[in-house]
Amino acid sequence: QVQLVESGGGLVQAGGSLRLSCAASGRTLSNYVMGWFRQAPGKERDIVAVISRSGGSINYADSVKGRFTISRDNAENTVYLQMNSLKPEDTAVYYCAAATRMSWTTRRYDYDYWGQGTQVTVSS
């Protein structure tokens, strides 16, 4: 069992930055592909970024490329999402998730463990 806890969300003006953290307990994160997802009101939960077990492979949604950076510190059992140049359309609840059965995946349904989410609100 893996417990994931996100932090770092909040209210920020457009153009600002936030850094989200996802701390894990129960199992070591180095065994898992990790992803950040987001869900805006009335919309599907969509992939934002994915990072491989070693951190050597990364994938971003087109909407965040060049603005967001995913990283992981396996020694600290933590995954991060640095978000720069934030836009109002980035407003959503952000979730981190762990995929335990796949060596690489961007599909929401392949992720087995989820955090509770952290709210990010970007004002215009």
Side-chain angles (χ1 to χ4, degrees):
Q1 192 78 4
V2 177
Q3 291 80 41
L4 302 173
V5 178
E6 302 97 336
S7 60
L11 174 63
V12 64
Q13 288 189 331
S17 298
L18 285 173
R19 189 192 196 203
L20 305 184
S21 299
C22 173
S25 61
R27 297 279 179 90
T28 176
L29 281 188
S30 62
N31 294 327
Y32 307 136
V33 175
M34 296 298 298
W36 283 99
F37 294 76
R38 66 186 182 186
Q39 187 169 17
K43 295 190 176 181
E44 294 285 316
R45 188 174 298 186
D46 293 327
I47 187 74
V48 174
V50 178
I51 188 166
S52 64
R53 294 165 180 167
S54 67
S57 295
I58 288 174
N59 181 270
Y60 296 101
D62 288 342
S63 58
V64 306
K65 281 181 182 176
R67 300 188 298 122
F68 290 12
T69 303
I70 189 172
S71 61
R72 66 191 301 160
D73 185 337
N74 286 338
E76 295 294 325
N77 235 21
T78 303
V79 179
Y80 303 98
L81 186 68
Q82 177 67 43
M83 305 186 295
N84 299 328
S85 302
L86 283 161
K87 305 175 181 180
E89 51 264 43
D90 294 319
T91 295
V93 177
Y94 284 70
Y95 299 89
C96 72
T100 65
R101 297 168 286 116
M102 313 290 288
S103 59
W104 179 258
T105 181
T106 60
R107 300 188 309 175
R108 181 180 66 182
Y109 300 104
D110 289 331
Y111 285 78
D112 307 290
Y113 297 104
W114 293 82
Q116 82 288 350
T118 185
Q119 176 71 47
V120 171
T121 303
V122 184
S123 62
S124 57

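Every value quoted in this text rests on a predicted model; they were computed, and no experiment measured them.
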Sidechain-backbone polar pair: R53 side chain, S30 backbone, donor-acceptor under 3.5 Å: no
Point-to-point distance, once rounded to the nearest 0.5 Å, from CG of L81 to OG1 of T118: 11.0 Å
Closest approach of A40 to T91 (non-hydrogen atoms, all atoms of both residues): CB-O, 3.8 Å
Plane angle bin for F37 and W114 - parallel if under 30°, tilted between 30 and 60°, otherwise perpendicular: tilted
Electrostatic pair K65:D62 at N-O distance under 4.0 angstrom: yes
Side-chain donor or acceptor of Y111 paired with backbone N/O of V33 under 3.5 Å: no
Same apolar cluster: Y80 and I47, side chain cutoff 4.5 Å: no
Aromatic ring proximity, centroids under 6.0 angstrom, F68 and W36: no
Between N59 and T106: side-chain donor-acceptor atoms closer than 3.5 Å: no
Closest non-hydrogen atom pair, V2 against A24: CG1-CB, 4.4 Å
Side chain to side chain, E76 and S21, heavy atoms closer than 4.5 Å: no
Closest contact, heavy atoms only, P88 versus S124: CG-CB, 3.8 Å
I51 CD1 to W104 CH2 distance, which is reported to the nearest 0.5 Å: 8.0 Å
V50 and I70, any side-chain heavy atoms less than 4.5 Å apart: no
Considering all heavy atoms, the nearest T78-A23 contact: OG1-CA, 4.2 Å
Gap separating the CG atom of L20 from the CD atom of E6, nearest 0.5 angstrom: 8.5 Å
Gap between atom CE of M34 and atom CD1 of I58 - 0.5 Å precision: 13.0 Å
Least distance between heavy atoms, D110 atom then A99 atom: O-CB, 3.7 Å
Check: L4 and L29 side chains under 4.5 Å, non-hydrogen atoms: yes
R27 charged N/C atom sitting above Y32 aromatic ring, 6.0 Å / 45°: no
Test item: V64 and R38 side chains (from C-beta on) under 4.5 Å apart, heavy atoms: yes
Contact check, side chains of D90 and R67, non-hydrogen atoms, under 4.5 Å: yes
Co-membership, hydrophobic cluster, residues Y95 and Y60, 4.5 Å side-chain: no
Exam field: side chain D112 to backbone Q1, donor-acceptor pair closer than 3.5 Å: no
Heavy-atom donor-acceptor pair, R72 side chain to S52 backbone, under 3.5 Å: yes
Approximate separation, where rounding is to 0.5 Å, of C96 SG and Y113 OH: 13.5 Å
